[in-house]
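Inspection log for the structure reproduced underneath, given as structure tokens.
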Amino acid sequence: MSISILWKRCLNDLEAEVSPQVFNTWLRPLHAQIDADVLYLLAPNRFVMDWVKRHFAEKIQQKFNQLNPKQPIKLVFQVGSQGKMVANEQKPPLLVKKNASSLGINPAPLNKRFTFQEFVLGDSNRLAHAASMEMVQNGQFNPLFIYGGTGLGKTHLMQAVGHAVAQQKTTAKIAYLHSERFVIDMVRALQTKAINRFKEYYRSVDVLLIDDIQFLAGKNQSQEEFFHTFNALIDGNQQIILTSDRTPKDIEGLDERLKSRLGSGLTVNINKPDIETKVNILTQKALQAKIILPEDVAVYIAENIDNSIRELEGSLHRLLASARLMQESITLDFSRHALKDLIKPKIRLIHVGQIQQTVADYYHISVSDLLSQRRHRHIARPRQMAMLLCRELTSDNYPTLGRLFGNRDRTTVLHACKTIVGLKLTDSQLNQDYSHLVRLLA
């Protein structure tokens, strides 16, 4: 049995033994590389490598010995990516921009963080990711057109292709720019009578990456020049990736010929990420900052930031900075306070009866138990929890809540709220119950 198959079986066994959070955070990012009887496990950064080595090295070695006792395997952990091992983390290679500066052409540098290794997969972006990988590996789907809302990862994927091509071929000529930059460069070339050199530059690149192609709409001369540049690159088997906020056919003010050419390859969409993907993004970004983000905090941010990955990352940066400056631990309560001006409470009409029913269902008791005079612990504690949630999530005061909880007085409700607030600090299970109930009711 080959070592690569053994690694896959080992990984499958580990996935069944650990929580999804641990597996997705620490083990899934690993890549295996074989050299004779040595298995190199490559981690995206030193922080992940050290953690996995400390917590899983012995278990992984044991599994390999069990799966194939006749073939001893040496296990080595390193920082690197598939096909490339490095002793220390390195910056991605610089991209060559031949003759650009002499022409006044301004392709932008690639963001060093926008690599395939840093991209977090989810159902919302899986097809676009697969198409981008296929373009790098086999040159398929040319041109590749990626569309979707702002801040969902279109630019990240496009630049990841650029990084991957640059690693495969260090002399590759890669141009990344916004469509408005293409227009500005063309106008300058016309003004300086350098249009032929402008054409020569853009038609000689190996990979052309253009963001927000919809901004060419209504610019007829720029569209004409881009149309001919596009055709020249396709005819020369050079790669083109374009992004937009909508499909080619939906871009008003774009020439029909150009719409047809833009849609001649593969058009893929990136949607808003689901909760699980957002949690994974937050967890990975926190790890890059060498912080282990509590799962309940990641879920809280993911559930309340809906607009874009960019805003998701911005919220995380705010939280990490606040915790560092205030020298506080990152807890759910602290996160709510630190992000209160970014995460607005969701307006929802909620009444005491809903809270009572939700708490009763959660603790597997009846609402009549909550309202009863019974003082057994398995009923009294849920009753106190329900009282606190009612005080926090409704506008009812203590006397009103007392009446709604079996005609009790206000001091009983006040005592219940203080009790739960205090226990949250020392009882981790009760704190988890509280957080889960808040999410259910929010």
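Values below: every heavy atom of this structure, side chains too, minus hydrogens, waters and symmetry copies. Small disclaimer: the values here were computed from a predicted structure and weren't measured.
Between Thr394 and Ile350 the shortest heavy-atom distance is CG2-O, 4.0 Å. Between Arg203 and Ala232, the closest heavy-atom pair is CD-CB, 3.9 Å. Of all the heavy atoms in Ser308 and Thr150, the pair that sits closest is CB-O, 3.2 Å. Between Gly162 and Leu110, the shortest heavy-atom contact is C-CD1, 3.7 Å. In terms of heavy atoms, Leu319 sits closest to Ala338 at CD1-CB, 4.1 Å. Of all heavy-atom pairs spanning Ile343 and Asn304, the tightest one is CG2-CB, 3.4 Å.
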* To do: Run the numbers on Glu200 and Asn196 for side chain to side chain donor-acceptor pair (under 3.5 Å), then give the verdict.
  => CA-CA 6 Å; Glu200 179 185 351; Asn196 288 332; over 6 Å; no

* To do: Any chance you could lay out the salt bridge (Lys or Arg N to Asp or Glu O under 4.0 Å) test for Glu224 and Arg257, step after step, and finish with the verdict?
  => CA-CA 10 Å; Glu224 182 72 18; Arg257 294 182 308 160; 2.8 Å; yes

* Asked: Can you list the steps and then say if Thr277 with Asp274 is a side chain to side chain donor-acceptor pair (under 3.5 Å)?
  -> CA-CA 5 Å; Thr277 303; Asp274 56 21; 2.6 Å; yes

* Please step through side-chain contact (heavy atoms from CB on, under 4.5 Å) for the pair Ser132 and Leu144, ending with a clear verdict. => CA-CA 8 Å; Ser132 301; Leu144 177 60; 3.7 Å; yes

* **From CA spacing to verdict: side-chain contact (heavy atoms from CB on, under 4.5 Å), Leu320, Ile330** => CA-CA 8 Å; Leu320 299 185; Ile330 299 176; 3.6 Å; yes

* To do: I would like to know whether Lys219 and Glu225 meet salt bridge (Lys or Arg N to Asp or Glu O under 4.0 Å); could you show each step before the answer?
  => CA-CA 10 Å; Lys219 300 177 176 69; Glu225 178 53 42; over 6 Å; no

* To do: Could you walk me through whether Leu152 and Asn271 pass side-chain contact (heavy atoms from CB on, under 4.5 Å), step by step?
  => CA-CA 7 Å; Leu152 298 182; Asn271 293 306; 5.7 Å; no

* Stepwise side-chain contact (heavy atoms from CB on, under 4.5 Å) check, Val438 with Leu332 -> CA-CA 11 Å; Val438 168; Leu332 186 58; over 6 Å; no

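For His337, the NE2 atom is loosely surrounded, since the number of other residues' heavy atoms within 6.0 Å does not exceed 12. The number of heavy atoms from other shown groups lying within 6.0 Å of CD (Gln137) is above 12. Residue Gln221 places its CD atom among 12 or fewer non-hydrogen atoms of other residues, nucleotides or ligands, all under 6.0 Å distant. The neighbour count for Glu276 CD, taken as heavy atoms of other residues, nucleotides or ligands under 6.0 Å away, does not exceed 12. The environment of Gln140 atom CD is dense: over 12 non-hydrogen atoms of other residues, nucleotides or ligands sit within 6.0 angstrom.
In this structure, Leu208 CG and Leu242 CG are separated by 7.0 Å, a value rounded to the nearest 0.5 Å. Atom OG1 of Thr358 sits about 10.0 Å away from atom CG of Leu393, to the nearest 0.5 Å. Here the straight-line distance linking atom CG of Leu312 with atom NE2 of His317 works out to 10.0 Å at 0.5 Å rounding. To the nearest 0.5 Å, the span separating CD1 on Ile309 from NZ on Lys154 amounts to 9.5 Å. Here the CD1-CD distance, from Ile305 to Glu313, works out to 12.0 Å after rounding to the nearest 0.5 Å. Going from atom CD of Gln159 over to atom NZ of Lys112 covers 13.5 Å, rounded to the nearest 0.5 Å.
Residues Asp427 and Arg381 are not paired through a salt bridge, judged by the lack of any N-O separation under 4.0 Å between the basic side chain and the carboxylate. Between Lys259 and Glu256 a salt bridge is recorded (basic side-chain N to carboxylate O distance below 4.0 Å). A salt bridge does not link Asp13 with Arg9: every distance from a Lys NZ or Arg NE/NH1/NH2 to an Asp or Glu carboxylate oxygen is 4.0 Å or more.
Counting heavy atoms from C-beta outward, Tyr434 and Glu392 have side chains that approach closer than 4.5 Å. Looking at heavy atoms from C-beta onward, Gln432 lies in side-chain contact with Gln429 at the 4.5 angstrom threshold. Between Phe141 and Val268 the shortest side-chain heavy-atom distance does not fall below 4.5 Å. Proximity of Leu262 to Leu254: side-chain heavy atoms (C-beta onward) are separated by under 4.5 Å at one or more points. Within the 4.5 Å cutoff, no side-chain heavy atoms of Val299 are placed close to those of Lys278. Using a 4.5 Å cut-off on side-chain heavy atoms (C-beta onward), Tyr363 and Asp433 make contact. Under the 4.5 Å side-chain criterion, counting only non-hydrogen atoms from C-beta, Ile60 is in contact with Cys10. At least one side-chain heavy atom of Asp341 sits under 4.5 Å from a side-chain heavy atom of Arg318.
When atom types are taken as modelled, the side chain of Gln354 and the backbone of His351 share a donor-acceptor pair closer than 3.5 angstrom. The main-chain N or O of Tyr147 is never found under 3.5 Å from a side-chain atom of Thr243 such that the two would form a donor-acceptor pair. Using modelled atom types, one side-chain atom of Asp206 and one backbone atom of Lys173 make a donor-acceptor pair closer than 3.5 Å. In terms of modelled atom types and a separation under 3.5 Å, the side chain of Asn142 and the main chain of Asn237 share no donor-acceptor contact. Proximity of a side-chain donor or acceptor of Gln239 to a complementary backbone N or O of Val207 within less than 3.5 Å is not detected. A side-chain donor-acceptor contact under 3.5 Å links Gln223 to the backbone of Gly253. Gln284 places a side-chain N or O within 3.5 Å of a backbone atom of Glu118 that can act as its donor or acceptor partner.
Of the options Ile241, Asp211, Asn125, Thr155, a side chain to side chain contact (heavy atoms under 4.5 Å, CB included) to Ile146 is made by Ile241 and by none of the others. A ring pair (Phe, Tyr, Trp, His ring centres under 6.0 Å) with Phe116 is found for one member of His163, His156, His129 and no other, namely His129.
A cation-pi geometry, defined here as NZ or CZ lying under 6.0 Å from the six-membered ring centre and within 45° of its normal, does not hold between Lys53 and Phe77.
Side-chain polar atoms of Tyr202 and Asp185 form a donor-acceptor pair below 3.5 angstrom.
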